[in-house]
Structure formats: C-alpha cells, structure tokens
Amino acid sequence: MTDPAPPGGIVLAIDIGGTKLAAALVDGAGRVVAYDRVPTPNEPGRGAEDLWRALDALLDKVVAEGGGPAITGVGVGCGGPMTWPEGAVSPLNIPAWRGFPLRDRLRERHPGLPVRVHNDAICVAVGEHWRGAGRGRANVLGMVVSTGVGGGLVLGGRLVDGASGNAGHIGHVIVDPDGPPCGCGGRGCLEAVARGPGLVAWARERGWRPGEPGTGVELAADARDGAPVAVAAMRRAGRALGVAIASATHLCDLEVVAIGGGVSQAGPLVFEPLREAFDAHARMDFARPLEIVPAELGQPAGLVGAAALIFAPGRYWNAR
C-alpha cells in the first residue's frame, strides 16, 4: 500500500488529557510546525468553563506562534467516554467536563471548518498508521500503555470505529479471568494488569519501596537496575500484553502492532516477555509473522493522528 501525496493546508490539532492540554499546527506531511501545552486546570472546584477558557487561550497562542496561517480544519483527541461522532465528552480524568459539547464549541470558534473529535488513544493509533510505525500497512493495531491501556484499529487501510466509536479498545480484553478488578467493573482486563499505576500497586504489595509517590517511571528504572520485584512487574505487564495481542491478531489478522505510552518505554523489560507470551499463544500460522514494535512518533502521535482526521477522512473519519 503506498501513501498518496501529502494534502495541503494546515490543521489545528488538539490533545486533551487529565494532566495537560496540548495543541499544534500540523501540515499534510504530519510535521508539527507550531506547538504548545499547558497544565489542565483540573483542581477541585474548577468548572467546565475554566477548562474551556484555558483551551481557548492555548489555541489562540499556538495559531499566533505559527504566524496566523489559514486553518483548514480542527482535529481533536480527547479521553473518554464521549458520544461519538457528536463529540460531547466526559473524560474520566477531567471531572469538570461531563457531557461537555466540545465539538460544538470548537465549531462555534471555527465556523465553516470541519471539526472532528475522537478518542485520544484512537488518535495515537491513527497517527502511527498515517505517518509512523504502521505506515504503508493495511492492518494495524496502535496501543497506548500508560496510566490506562487504550488502542485503535485500522483494517483494510481504514479506521474501524465500531457502533459507538470504541472499536480497538484492547485495554478491556480479558487476560486473566481471576485477575485484579478493573475500573470498568470487570476483572482481569489488560488495563487492570498492565497499566502503570496497577504495576506500581502490585510491586508495592510485594515489598517494592520507592520514594513517594512511586511511579511507573521509577519502577522501570529499578527494573533496569535489576531489582527483582520491579523486574517481575515489568514481566507481568509484558506477558499480559502478549496474551492480549495474540487474541487480537487471531481475531483481526494484523500485520503490525505499534505500542506507545510510558510503560512501553521500558524497552526490552516489557517487549521481551511480551514476545515470549505472544509466541506461546499465537499458534495460528497466519498470526506468527506479526511485527510488534515501539511507536515511532512519540509525544506528538496523538496530535498527528488528530490532524489525520481532517487530512485523510476517507481512511480515518467515517461519520459526518
């Protein structure tokens, strides 16, 4: 599969999370030409309009820093849940926004332009397919393994949305029916096992004593230094990821899985047990050639994917 020539124009891309609001101007080749970020005003007592004003000011700043170019559209990745494609968002990690009409407010801010809002993990997956590790492949799963585990699924060269826009949500594939409870209400989900805070809690229960507050970054650093509990935690995450990816590959006949997020940055500590588990569970011949690789785009992946919602709607936007 070959990529078409890059489209022209500049897209205003937005990435909304519980700790930061990020925005960029992105061109048709996926290059970030202006970028800025601010902390999410997420303190207790902050209201929906406080958050909107912070985002509004950030967008003005980024456009000004980019020289005030004509914007051809606005693409957004935001934590969920949300109503899709309407873009009314209720991010679990942003209590001030419950049913906030994000897409409508951005349409008011940019009248006449296309505004498209999707899940932030899906935007990472789209970015990796459009301009990253999955470029040129038709069947790709993009994953984010960080404070949560999310994903997006491209099959036949097109983003698969599903009935509610949540297709590809690999974080809630069951990897251990008797495993830890998950925030979704289930038990033994990949997210419950492999997300950073879950790994930290598991390691603490087994005697790991970091400084406070104790983060996945510290856990990975201790694992690199050979701390037995930390190494075991990373292996636990890798095995769970390998089992889930084997299941997804048997179901979807994937070519590439690109994995980003903080936990994935532990490198071989996670990827080696991941591949071992995948090889043990991916027993169908068609599944075994799968490439499992680190995501290429790094921090800008979600912004690049949000821009692709505008630049390449035939592949990545299946709604009005």
Side-chain angles (χ1 to χ4, degrees), residues 1-7 11 13 15 26 28-30 73 75-78 80 82 84-85 114 116-146 148-173 190 241 244-261 264 274 278 282 284 286-298 300-320:
M1 188 174 87
T2 59
D3 288 317
V11 165
D15 185 10
V26 181
V76 187
C78 182
M82 69 179 67
W84 183 88
R116 294 165 185 159
V117 180
H118 223 317
N119 180 276
D120 52 357
I122 287 175
C123 285
V124 170
V126 165
E128 287 295 327
H129 181 255
W130 188 44
R131 299 298 182 204
R135 187 173 185 175
R137 305 299 186 89
N139 303 289
V140 176
L141 173 66
M143 297 178 62
V144 179
V145 187
S146 186
V149 179
L153 188 61
V154 174
L155 296 179
R158 294 173 60 91
L159 178 68
V160 177
D161 296 298
S164 64
N166 285 291
H169 213 328
I170 194 171
H172 296 283
V173 168
L190 174 62
L241 288 161
I245 291 169
S247 297
T249 302
H250 284 148
L251 182 65
C252 298
D253 197 5
L254 300 169
E255 298 169 86
V256 176
V257 174
I259 306 176
S264 73
L274 187 165
F278 176 82
M284 301 294 289
F286 72 82
R288 292 178 184 173
L290 178 74
E291 295 180 26
I292 304 171
V293 297
E296 285 185 5
L297 297 179
L303 292 164
V304 173
L309 301 179
I310 303 297
F311 281 127
R315 283 182 280 171
Y316 305 125
W317 186 255
N318 305 308
R320 293 188 177 184

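Side-chain contact between V293 and V257 is absent, with no heavy-atom pair separated by less than 4.5 Å. Within the 4.5 Å cutoff, no side-chain heavy atoms of H172 are placed close to those of L190. Contact check for P313 versus R116: side-chain heavy atoms found under the 4.5 Å cut-off. At a threshold of 4.5 Å between non-hydrogen side-chain atoms, the residues P114 and I310 count as touching.
Partners of R158 by side chain to side chain donor-acceptor pair (under 3.5 Å), not counting sequence neighbours, listed by chain and number: N318. In this structure F311 satisfies the ring pair (Phe, Tyr, Trp, His ring centres under 6.0 Å) test together with W130, sequence neighbours excluded.
The nearest pair of heavy atoms linking G30 to V304 is O-CG2, 3.6 Å. Residue V160 comes nearest to A167 through the heavy atom pair O-CB, 3.3 Å, listed as atom of the first residue, atom of the second, then distance. Annotation for G77 and C123: closest pair CA-SG, 3.6 Å, computed over non-hydrogen atoms. When all heavy atoms of F278 and T249 are compared, the pair lying nearest together is CE1-OG1, 3.9 Å. Closest of all the heavy-atom pairs between G75 and V11 is N-CG1, 4.0 Å. What you find for E128 and A295 is that their closest heavy atoms are OE2-CB, 3.4 Å.
In the model, Y316 has a side-chain atom that pairs as donor or acceptor with a side-chain atom of H129 under 3.5 Å.
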* Going through the checks in order, is the side chain to side chain contact (heavy atoms under 4.5 Å, CB included) test met by I170 and M143? -> CA-CA 8 Å; I170 194 171; M143 297 178 62; 3.7 Å; yes
* To do: Quick one: do E296 and R135 satisfy salt bridge (Lys or Arg N to Asp or Glu O under 4.0 Å)? Show the steps, please.
  => CA-CA 10 Å; E296 285 185 5; R135 187 173 185 175; over 6 Å; no
* Tell me, with the steps shown, if N119 and H169 meet side chain to side chain donor-acceptor pair (under 3.5 Å). => CA-CA 10 Å; N119 180 276; H169 213 328; 5.4 Å; no
* Derivation of the side chain to side chain contact (heavy atoms under 4.5 Å, CB included) call for R315 and L159 -> CA-CA 6 Å; R315 283 182 280 171; L159 178 68; over 6 Å; no
* Go through D15 and D120 one step at a time and tell me if the side chain to side chain contact (heavy atoms under 4.5 Å, CB included) criterion holds. => CA-CA 7 Å; D15 185 10; D120 52 357; 4.2 Å; yes
* **Trace of the side chain to side chain contact (heavy atoms under 4.5 Å, CB included) decision for N139 with V256** => CA-CA 7 Å; N139 303 289; V256 176; over 6 Å; no
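For the atom pair CG of L290 and CD1 of I245, the computed distance is 7.5 Å after rounding to the nearest 0.5 Å. Going from atom CE of M284 over to atom CZ of F286 covers 5.0 Å, rounded to the nearest 0.5 Å.
In summary, of the residues considered (V144, L141, L274), a side chain to side chain contact (heavy atoms under 4.5 Å, CB included) with I259 occurs for L274 alone.
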Only pairs under 3.5 Å count here: list side-chain donor-acceptor contacts from residues 149-157, not counting sequence neighbours, and write none if there are none.
none

